[in-house]
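Heads up, the thing below is written out as structure tokens.
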2 protein chains.
Amino acid sequence: MAARTVQLRGAAIEGTLTASRALLGVIARSLAPVMDTVTLPQFRVLVVLSNFGPLRMGEVAQRLGANQSSFSRFADRMVAGGLIARSASPGSRREVIISLTEDGARVYAEVTDARRREISRVLETLSGPDLEAVRTGFEIFARAAGEPSADETLILGI
Amino acid sequence: MAARTVQLRGAAIEGTLTASRALLGVIARSLAPVMDTVTLPQFRVLVVLSNFGPLRMGEVAQRLGANQSSFSRFADRMVAGGLIARSASPGSRREVIISLTEDGARVYAEVTDARRREISRVLETLSGPDLEAVRTGFEIFARAAGEPSADETLILGI
DNA sequence: CGCAACATATGTACTATAGCAAGTATGAAT
DNA sequence: ATTCATACTTGCTATAGTACATATGTTGCG
């Protein structure tokens with residue numbers, strides 16, 4: 001490999017690390033306001049239900065890597081908090097479906113909206129060419145990195 | 001503002017959101033292996049001590065936004081886990097300094113190294129011009145976003 | 001010295017998370 | 001129909017995190 005490319009790669013890695021810190025700041029700021037309403041593990045459930053729609057208890061437990069019995073009581077708390085609702089499954093009477101309540105959906109939306117707003121606020125300061133550079137760079141990186149699996153992002157609860 | 005710039009901004013926001021998800025995947029993957037050794041709150045302490053060096057108990061408690069008395073027992077657990085060590089302050093006998101043990105430093109390094117490796121692995125797949133585009137875009141974004149405050153990134157424990 | 005301010009630790013208590021074992025109700029299979 | 005598997009809940013237990021009030025030791029100051 002050419003020496004120039006190696007150098008470039010080093011600079012790109014450092015730049016990516018710096019940007020990753022900046023993006024973490026964005027994510028953290030968007031998450032902070034709801035952290036007194038939900039815990040991070042609870043937010044994970046909101047993420048799952050937002051992405052996949054209503055699911056069986058066991059299904060969610062599995063996605064979170066949690067014990068079913070643990071999750072049952074975990075769900076109790078979220079139901080008590082008004083974030084999710086249990087309902088009977090139309091298919092089988094032994095299945096219990098959980099879904100977001102309006103409040104739960106609102107909490108999730110609050111975070112994603114805040115994230116979009118935060119990013120927008122940052123990009124607002126940029127000129128046209130800089131904007132274009134950011135868009136291009138991020139798109140290339142995202143394509144190369146690929147979408148993280150649901151399991152992966154859930155590690156952090158986001 | 002020109003219509004073209006508005007459009008550009010929208011595309012840049014979406015690109016940034018996608019990249020932020022990709023980066024979250026990177027971060028989550030790098031964090032996962034140590035999550036059976038330390039909890040996320042405990043990892044926050046490792047981050048603080050790595051960034052600032054040995055600190056007084058109260059200093060760390062404050063940075064984490066924790067009650068001093070809570071933090072005392074929290075520290076007990078981390079000492080028991082061999083991640084940090086208490087030591088007498090040279091300046092004052094009522095102060096207690098905590099610092100990373102070798103194990104604690106290793107856990108932190110494991111995560112940051114993994115992060116660097118992950119990013120490097122992604123960038124490896126890119127051609128010279130793409131690399132350059134990524135570096136430029138990320139640098140511009142990072143400069144515009146600014147370094148997140150320590151408090152902010154600690155929300156997520158990172 | 002004596003007392004206030006400070007730094008940390010302890011007593012106590014509560015919530016969240018989490019797992020194992022056992023129980024209950026339902027569905028499926030022979 | 002009886003038996004086995006599935007889906008969920010509950011009893012019990014343990015640990016982590018957190019806070020408030022209080023105790024202990026230390027420092028600085030009048």
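Chain A is the first sequence line, chain B the second, and so forth, proteins listed ahead of strands; every chain is numbered from 1. None of these values were measured; they are calculated from a predicted model.
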(request) With sequence neighbours excluded, tell me which residues meet side chain to side chain donor-acceptor pair (under 3.5 Å) with B:Arg143. (result) none
(request) Just jot down the side chain to side chain donor-acceptor pair (under 3.5 Å) partners of A:Ser69, sequence neighbours excluded, or say none. (result) A:Asn67
Residues 31-41 of chain A side chain polar contacts: donor-acceptor under 3.5 Å, at least two apart:
unit_1	atom_1	unit_2	atom_2	d
A:Thr39	OG1	A:Gln42	N	3.2

(request) Between protein and nucleotides 15-25 of chain C, map the contacts as a letter string: B base, S sugar-phosphate only, - none, heavy atoms under 4.0 Å, written 5' to 3'. (result) -SBSBBB----
(message) Over all strands shown, is B:Gln68 touching base, sugar-phosphate only, or nothing at heavy-atom distances under 4.0 angstrom?
(response) base
(message) Once you apply a heavy-atom cut-off of 4.0 Å, does A:Ser72 come out as touching a base, just sugar-phosphate, or nothing?
(response) base
(request) For B:Arg116 and A:Ile13, work out which heavy atoms get closest and say how close. (result) CG-CG2, 3.9 Å
(request) Would you grab the first and last nucleotide of DNA chain D (5' to 3') that comes under 4.0 Å of any non-hydrogen atom in chain B? (result) D:dA16 to D:dT27
Decide, yes or no, whether a salt bridge links [X] with [Y] under the criterion of side-chain N to carboxylate O below 4.0 Å.
| X | Y | value |
| --- | --- | --- |
| B:Asp76 | B:Arg86 | yes |
| B:Glu102 | B:Arg106 | no |
| A:Arg135 | A:Glu132 | yes |

Without placing hydrogens or testing angles, list every side-chain donor-acceptor pair under 3.5 Å for residues 47-58 of chain B, not counting sequence neighbours.
unit_1	atom_1	unit_2	atom_2	d
B:Ser50	OG	B:Leu46	O	2.8
B:Asn51	ND2	B:Val47	O	3.3

